[in-house]
Amino acid sequence: MDERQLRVLRELGELGSVTAVAEALRVTPSAISQQLRLLQRSVPVPLTERAGRRLVLTAAGQALAEAAIGVETALARARHTVEEYVDEPAGTVSLAAFHSGAAAFYPLLLRRLRAPGSPRLALHDEDVPQAGFPPLTRGYDLVVAHRLDHAPPWPRTTVVTPLLREPLDIALPVGHPLAARSALTAQDVAGEPWISVHDGFPLLATVDAVSAAAGRRVEIVHRVNEISVVAEVVAAGGGIALMPRWTSRPHPGVVLRPLSGIGAHRHVDVLHRPESAARGAVRTVLAELLAAARTVRDQDTG
């Protein structure tokens, strides 16, 4: 039993197929199968079994895969200690975020980490459905992700640091009759043309909740994921939309009104693999993200 074999077993449990593991680890499927066979020889109970055409983990395999997380974390710590890497304050930290999260947090991080000896940031944007965020932790040290209140939680294999529980407001063009109200209900907005995100992306489920509360299907006329583009379309009279209260930039042609009667919030979280936090530079950036989140939230009352 060695580190490579345990890594393969762990990835099989998370990705669900030998082919997917091979692609993630950039090796051939036969190499993955060979590592699994070698691992099986050192364990007296079956670790995998067939489920149709797929190879899945048995209960014993799942238990060992979960234990492998601790093994990988310990080995990562040992390597970093030997290389004097754990406490290197100026190391490079790769960070990915969805678009509005990146717009809100990246400028704050860059300003806060200007001092000599601070971690070097490698910033990326990733526009993916909710299920696409945890796999990003394979390629980035930290991933800023979002999900709705009632959406499934992040997988247990991912470490989650909450940043914000952000209200989702109704965005209206300046001068719209509904803009004169202090708050809006599902019945108020269900008859309006809507701008929403593509299928599978956060926010869409709240639009569905508006439909359910109003007892009628809302008409989605435009599908746009980028919040700044949504604001422009709203300002031009293209429809109304859900917009995050704190991480969207104010637009002179758009007003935001709270939605009452529906739990319209999203969680903004940082995801990472357990072993990533062994690095001092990653811990520093994570702490600065928490500070930046307080700044973003306090702008609403400041």
Would S211 and D208 count as having a side-chain donor-acceptor pair, cut-off 3.5 Å? no
Sequence neighbours excluded, which residues qualify as ring pair (Phe, Tyr, Trp, His ring centres under 6.0 Å) partners of H222? none
Between D141 and L95, is any pair of side-chain heavy atoms under 4.5 Å apart? no
In chain order, what residues pass the side chain to side chain donor-acceptor pair (under 3.5 Å) check against H272, with sequence neighbours excluded? none
Pairing donors with acceptors under 3.5 angstrom, does anything connect the side chains of Q40 and T48? no
Hydrophobic cluster membership, V143 vs L286, 4.5 Å side-chain cutoff: yes
Between E166 and H265, do the side chains contain an N or O donor and an N or O acceptor separated by less than 3.5 Å? no
Evaluation steps, salt bridge (Lys or Arg N to Asp or Glu O under 4.0 Å), between R273 and E72: CA-CA 10 Å; R273 289 196 155 197; E72 285 202 57; 5.1 Å; no
hydrophobic_cluster_shared for M1 and V21, side chain cutoff 4.5 Å: yes
Any donor and acceptor pair, going by atom type alone, linking the side chain of T58 with main-chain N or O of P46 inside 3.5 Å? yes
Where does the angle between the aromatic ring planes of H146 and F98 fall among parallel (under 30°), tilted (30 to 60°) and perpendicular (over 60°)? parallel
Any carboxylate oxygen within less than 4.0 angstrom of a Lys/Arg side-chain nitrogen, looking at D199 and R223? yes
Taking L178 as the starting point, is it possible to reach V207 by hopping between hydrophobic residues whose side chains are less than 4.5 Å apart? yes
Treating Y140 as the side-chain partner and A97 as the backbone partner, does any N or O pair qualify as donor plus acceptor under 3.5 Å? no
Could you please spell out the steps behind the side-chain contact (heavy atoms from CB on, under 4.5 Å) verdict for L259 and L168? CA-CA 8 Å; L259 184 61; L168 301 174; over 6 Å; no
Hydrophobic clusters here meaning ILVMFWY residues chained together by side-chain heavy-atom distances under 4.5 Å, can you tell me if L64 and V71 are in one? yes
Flag side-chain contact, heavy atom, 4.5 Å: S33 against V18: yes
Below 4.0 angstrom, N of the basic side chain to O of the carboxylate: do E11 and R138 qualify? yes
Would you say the side chain of E192 lies within less than 4.5 Å of the side chain of I170, judging by non-hydrogen atoms? no
Is Q187 reaching over with its side chain to a backbone N or O of A213, donor-acceptor style, under 3.5 angstrom? yes
Side chains of P155 and P134: does their closest heavy-atom pair fall under 4.5 Å? yes
Identified side chain to side chain contact (heavy atoms under 4.5 Å, CB included) counterpart of Q5 within the set L47, L36, L38: L38
Do the side chain of R266 and the main chain of R147 share a donor and acceptor less than 3.5 angstrom apart? no
Go through the steps to decide whether D169 and M243 satisfy the test side-chain contact (heavy atoms from CB on, under 4.5 Å), and finish with yes or no. CA-CA 5 Å; D169 294 330; M243 192 165 289; 5.6 Å; no
Hey, quick one: are F201 and L271 part of the same hydrophobic cluster, counting side-chain heavy atoms closer than 4.5 Å, chains of contacts allowed? no
Would you say the side chains of H99 and E126 form a donor-acceptor pair under 3.5 Å? no
SB check E14 R10 (cutoff 4.0 Å): yes
Checking T284 against V93 for the side-chain contact (heavy atoms from CB on, under 4.5 Å) test, could you report, in this order, the C-alpha distance in whole Å, the side-chain angles of both residues, the deciding distance, and whether it holds? CA-CA 10 Å; T284 297; V93 176; over 6 Å; no
Would V224 and V197 satisfy side-chain contact (heavy atoms from CB on, under 4.5 Å), going step by step from the backbone distance to the final call? CA-CA 5 Å; V224 180; V197 293; over 6 Å; no
With a 4.5 Å cut-off on side-chain heavy atoms, are V282 and L142 touching? yes
Between T295 and A291, is there a donor-acceptor pair closer than 3.5 Å when you use the side chain of the first and the backbone of the second? yes
Any donor-acceptor pair under 3.5 Å linking the side-chain atoms of T19 with those of S17? no
Heavy atoms, side chains only, cut-off 4.5 Å: are L164 and T247 in contact? yes
Is there a side-chain contact between L163 and F105 in this structure, where contact means two heavy atoms from C-beta onward sitting under 4.5 Å apart? yes
Side chains of V189 and V218: closer than 4.5 Å at any heavy-atom pair? no
